Amino acid sequence: MPVRKSYATAIMKAVAEIPKGRVCPYGRVAEVAGLPGRARLVGRLLGELTGRDELPWHRVLRADGSLAFPAGSRGFERQVAKLAEEGVNAATGRVDLVRFGWQTSLDEQLWGPD
DNA sequence: ACATTGACTCGCG
DNA sequence: GCGCGAGCCAATG
C-alpha cells in the first residue's frame, strides 16, 4: 500500500521544485511539502516511484549530505550518475550541502554562483 | 490495538 | 569520523 495520496502529491511537488544541480535533505523536502518531521515518509514515497517517474528523486539525500543508499549499491550508483550529469559530484558518496544544498541563502546570496 | 520496520535526524561519547 | 541510542511518523502484518 502506497503512501496516502494527499501526502504523496505534496511531497512530489516539493521534490519537483528542487532546482537542477541542487540537492535537498529529506527533512527539508518534508518541510517544503508542509509535513515537518516526516522525513521518513519522503524516503518511503521515493522508494515507490524510483525508476518509473520523472521526479528528480536523485536530488534528495540525507541531512549530512550523504546518499541514503549504501555505497556500491545499484541505487547509489544511479544517483551518483544522475547527480554527475547535473554537475554535482557525489562520487565519494557525499555532497557538499554548502555548495549544492537547496537553500543557497548563504552560498549564492553572499558569494554568488561563481 | 500492538509490534516491527524504514531512501530519517539529532545528540553523546 | 564512527557507532549507539532515542525520537520520530506512516505503513504493514
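Please read all numbers here as calculations on a predicted model, not as lab measurements. So that the names make sense, note that chain A is the first sequence line, chain B the second, and so on, each numbered from 1.
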Below 3.5 Å between N/O atoms, which protein atoms pair up with nucleotides 6-9 of chain C? Just atom names and distances, please.
none

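Residue contacts for A/Val42: at a heavy-atom cut-off of 4.0 Å it reaches no nucleic acid atom on any strand shown. Using a 4.0 Å heavy-atom cutoff across all strands shown, A/Gly27 reaches sugar-phosphate atoms only and no base atom.
Counting only residues at least two apart or on different chains, no salt bridge (Lys or Arg N to Asp or Glu O under 4.0 Å) pair has a member in residues 69-85 of chain A. Annotation: side-chain hydrogen bond (donor to acceptor under 3.5 Å, both in side chains) contacts involving residues 25-35 of chain A, sequence neighbours excluded, are absent. Within the structure, every pair that satisfies the side-chain hydrogen bond (donor to acceptor under 3.5 Å, both in side chains) test and touches residues 58-72 of chain A, not counting sequence neighbours, is listed here: A/His58-A/Glu86, A/Arg59-A/Glu86, A/Asp64-A/Ser66.
Applying the side-chain contact (heavy atoms from CB on, under 4.5 Å) criterion to A/Ser73, with sequence neighbours excluded, gives A/Phe69, A/Pro70, A/Phe76. In this view, A/Arg40 satisfies the side-chain contact (heavy atoms from CB on, under 4.5 Å) rule with no residue, not counting sequence neighbours.
Contacts with DNA chain B (heavy atom under 4.0 Å) in residues 54-72 of chain A: A/Trp57, A/Arg62, A/Ala63, A/Ala68, A/Phe69, listed by number.
Between the side chain of A/Arg94 and the backbone N or O of A/Gly65 there is no donor-acceptor pair closer than 3.5 Å. Using a distance-only test at 3.5 Å, with no hydrogens or angles considered, a donor-acceptor pair links the side chain of A/Arg38 to the main chain of A/Pro36.
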In a table with atom names and distances, give each donor-acceptor pair under 3.5 Å that connects a side chain of residues 1-16 of chain A to protein atoms at least two apart or in another chain.
residue: A/Thr9; atom: OG1; partner: A/Lys5; partner atom: O; Å: 3.0
residue: A/Thr9; atom: OG1; partner: A/Ser6; partner atom: O; Å: 3.1

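Rounded to whole Å, atom P of C/dA11 lies 15 Å from atom CG of A/Leu46. Between the C1' atom of B/dT9 and the CD atom of A/Glu31 lies a distance of 11 Å, rounded to the nearest Å. Regarding A/Ile11, its CD1 atom lies at a distance of 13 Å from the P atom of B/dC8, rounded to whole Å. For the pair A/Arg94 CZ and C/dC2 C1', the computed distance is 12 Å after rounding to whole Å. Between the CG atom of A/Leu35 and the C1' atom of B/dC8 there is a distance of 14 Å, rounded to whole Å.
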